[in-house]
Amino acid sequence: MLLDQFTKTFLNMGPILETGVASDTRTNQDSWWRGACLYEVYLRSFQDSDGDGEGDLKGLVSRLVYLAQLGVDGIWITPFFPSPMFDSGYDVADYRQVDPRYGTLDDFLEVVNTAHELGLKVIIDQVYSHSSHLHPWFSMSRSSRDNPKADWYVWADPKPDGSLPNNWLARFGGVAWEWAAERRQYYLHNFLAEQPDLNMHNTKVQDEFLDVMRFWFGLGVDGLRLDVANFFMHDPELRDNPPAKLAETPANPYYMQQRLYDRSRPENLLFLERMRKVAGERMLLAEISCDWQVERMAEYTAPGRLHTAYSFALLAPELDGNVVADAVEQAGHGDSWPTWAFSNHDVIRVASRWNAAGNPGKITMLHALLVCLRGTVIIYQGEELGLGHGNVPRGKLRDPEAIRFWPLDRRRDGARTPFPWDDNPNLGFSRAEEAWLPCDPAHSELSVARQNAVPGSILAKCRDLIALRKASPVLRLGEFEVVDQGRDRLIFRRILEGKRLLCAFNFGGQAINLSRHGLPTVLSGEARGGVLSPGSYLIAEEY
């Protein structure tokens, strides 16, 4: 079945060549991703079908109707590839297979086929910056200095006194170099020591990943989310990073350096262009990790490079109208196309981070703000329910970064707790005695079962806002023009072909007068007597 399906899909998709843009006969909606609303599925915590306490592909298939009814355009699925799970699957041991804990390649094809039948695009995570230390490539590479994969990872000699090649630090703590006695050299790992960095300066490594892209496109995926895409290249000279100018010492010393040489290198851009030639109009979405320079998004999405990219700019610790406005403006205009998210699996959930937990009105205002931004937008699983950050006791932590830096960590596990479907044990996520992460009992009040058929629930209003964006070319594709901004407010226009929408958000404690704008048709929200109350929003046609 798998080979037959692969052959059928591959023959229907047209050629995928590096020498030119791909020809895609499946759809004429080449730019479907522009203005789309995607949904991040953290697979391990979404739905368990076999009772082992971890989410899987069959569980995802069983819930695709829910996502289609939510109204999103597509789903982004976090890694499901074979992995020793030192970093929850972002340490890949085989780029062309499915980890048995998640299912099989046939199960993945069922996800793709069912999603397409429901009108959903499928985006999958790809991790090209590093692999697992148990990947056969790395096992061979570390065995000697003269094997076929010897230069597939980043190796460096020690200094004469045996010390490290340079001062680079690892994102998850400690130095970024690990000794391999077999080679008498250090290897680079920007994250865990179990995640050795691949040498993307080697064109053979690039070629291998271009083939990996072709493999998954051949199975019908509509796009790739590129994990830490700004980490693909390093400075070949291995120069030291200079110190950062900080007011105080952070919990993680990683932030004490300016990251000039170990990430976000200009050498990256040529490889991105090679990737785009293979992908054609199949979506390439880059995560620009740990990099707050919003201009990087415009750089990565320039013509001939990636379709879209997101940075951590709007995963900020506080809701600030100035930050939002400046980020959207700096991310570029015209062909440059940003992507925005308020939550993901690496940060504190937005309802808790921006003090909206337990406040349905403010949560809906945040949903409205997201769907009004210029670019593609991503909803993280549970965000549509208004979930606050999950509580994970110290003894139940699974995230290596959290364990190392507790209690001053990013609390990533709290964003990854199982999805609350209903009031059954484990909130309907799993029939196992215990899920891989504990379910948060506080999430039961916001479960799908409790909100699904309730008019005016957070979930119902989120569906309405997604539908409004989907029905409005102005919201999906229009330009962005700031009318008024401040720490406690943001008012902007979306403009397309002479049509104008006014989008107003009041984050503060004082009312905002909108009467001078003249708002004949209110599409969502409310401004009584032209006054926008604290904690409220308005989306309206403007003449």
Side-chain angles (χ1 to χ4, degrees), residues 39-72 75-78 88 102 341-354 356-360 362-364 366-367 370 378-393 396-399 411-463 465-466:
Y39 187 96
E40 181 188 351
V41 174
Y42 192 76
L43 186 64
R44 201 176 184 186
S45 294
F46 195 57
Q47 180 66 71
D48 172 21
S49 72
D50 58 11
D52 67 354
E54 299 189 53
D56 47 48
L57 293 170
K58 283 188 177 295
L60 173 56
V61 169
S62 73
R63 298 296 190 177
L64 285 174
V65 170
Y66 165 78
L67 298 178
Q69 291 174 343
L70 184 60
V72 296
I75 57 173
W76 149 29
I77 310 171
T78 53
S88 201
Y102 295 128
F342 290 168
S343 283
N344 68 20
H345 62 276
D346 281 332
V347 299
I348 294 174
R349 284 186 175 275
V350 68
S352 296
R353 199 173 72 251
W354 287 355
N359 185 336
K362 187 171 183 181
I363 289 170
T364 296
L366 296 180
H367 291 162
L370 182 63
I378 302 174
I379 293 175
Y380 179 54
Q381 70 178 46
E383 191 174 352
E384 76 278 16
L385 302 176
L387 297 187
H389 205 61
N391 178 39
V392 181
K396 298 290 186 179
L397 292 175
R398 303 292 292 271
D399 174 28
R411 299 169 58 196
R412 296 197 302 173
D413 280 335
R416 303 172 178 186
T417 55
F419 189 88
W421 293 103
D422 53 42
D423 292 335
N424 287 311
N426 290 318
L427 304 183
F429 161 71
S430 173
R431 63 179 183 272
E433 183 175 340
E434 186 175 9
W436 80 281
L437 274 178
C439 298
D440 190 331
H443 288 170
S444 65
E445 297 180 3
L446 295 171
S447 70
V448 173
R450 293 202 186 189
Q451 294 196 51
N452 202 31
V454 179
S457 68
I458 294 172
L459 175 58
K461 290 183 177 180
C462 185
R463 284 177 178 147
L465 286 163
I466 294 172

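For the numbers below, each heavy atom of this structure counts, side chains included, while hydrogens, waters and symmetry mates do not. These figures come from a predicted structure and were not determined experimentally.
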**Item:** Residues that Asp422 engages under salt bridge (Lys or Arg N to Asp or Glu O under 4.0 Å), provided they are two or more places apart
**Value:**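 For Asp422 there are no salt bridge (Lys or Arg N to Asp or Glu O under 4.0 Å) partners, ignoring immediate neighbours.
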
**Item:** Residues which pass salt bridge (Lys or Arg N to Asp or Glu O under 4.0 Å) with Asp346, listed by chain and number, not counting sequence neighbours
**Value:**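 Checked Asp346 against salt bridge (Lys or Arg N to Asp or Glu O under 4.0 Å); matches are Arg412, Arg416.
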
**Prompt:** Taking side chain as C-beta onward, heavy atoms only, is Leu427 less than 4.5 Å from Trp421?
**Reply:**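 In short, these two side chains do not touch, never coming nearer than 4.5 Å.
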
**Message:** Strictly by salt bridge (charged side-chain N to carboxylate O under 4.0 Å, His left out), give each pair with a member in residues 51-71 just once, sequence neighbours left out.
**Reply:**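 Matches after skipping sequence neighbours: Arg44-Glu54, Glu54-Arg101, Lys58-Asp107, Lys58-Glu110.
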
**Asked** Applying side-chain hydrogen bond (donor to acceptor under 3.5 Å, both in side chains), which residue pairs with at least one partner in residues 437-446 are found, sequence neighbours left out?
**Response**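 Listed by first then second residue: nothing to list.
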
**Prompt:** Under the ring-ring contact (aromatic ring centres under 6.0 Å, His included) test, which residues partner Phe342, sequence neighbours left out?
**Reply:** Trp354

**Request:** List for me each residue that meets ring-ring contact (aromatic ring centres under 6.0 Å, His included) alongside Trp436, sequence neighbours excluded, and say none if there are none.
**Result:**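 Expected list: none.
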
**Request:** Using only heavy-atom distances, determine whether the side chains of Glu384 and His367 contain a donor-acceptor pair under 3.5 Å.
**Result:** no

**Prompt:** For the ring pair Phe419 and Phe46, is the centre-to-centre distance below 6.0 Å?
**Reply:** yes

Looking at every non-hydrogen atom in both residues, tell me the closest pair between [X] and [Y] and how far apart they are.
| X | Y | answer |
| --- | --- | --- |
| Thr78 | Leu43 | OG1-N, 3.0 Å |
| Leu446 | Gly386 | CD1-O, 3.5 Å |
| Ala432 | Ser430 | N-OG, 3.0 Å |

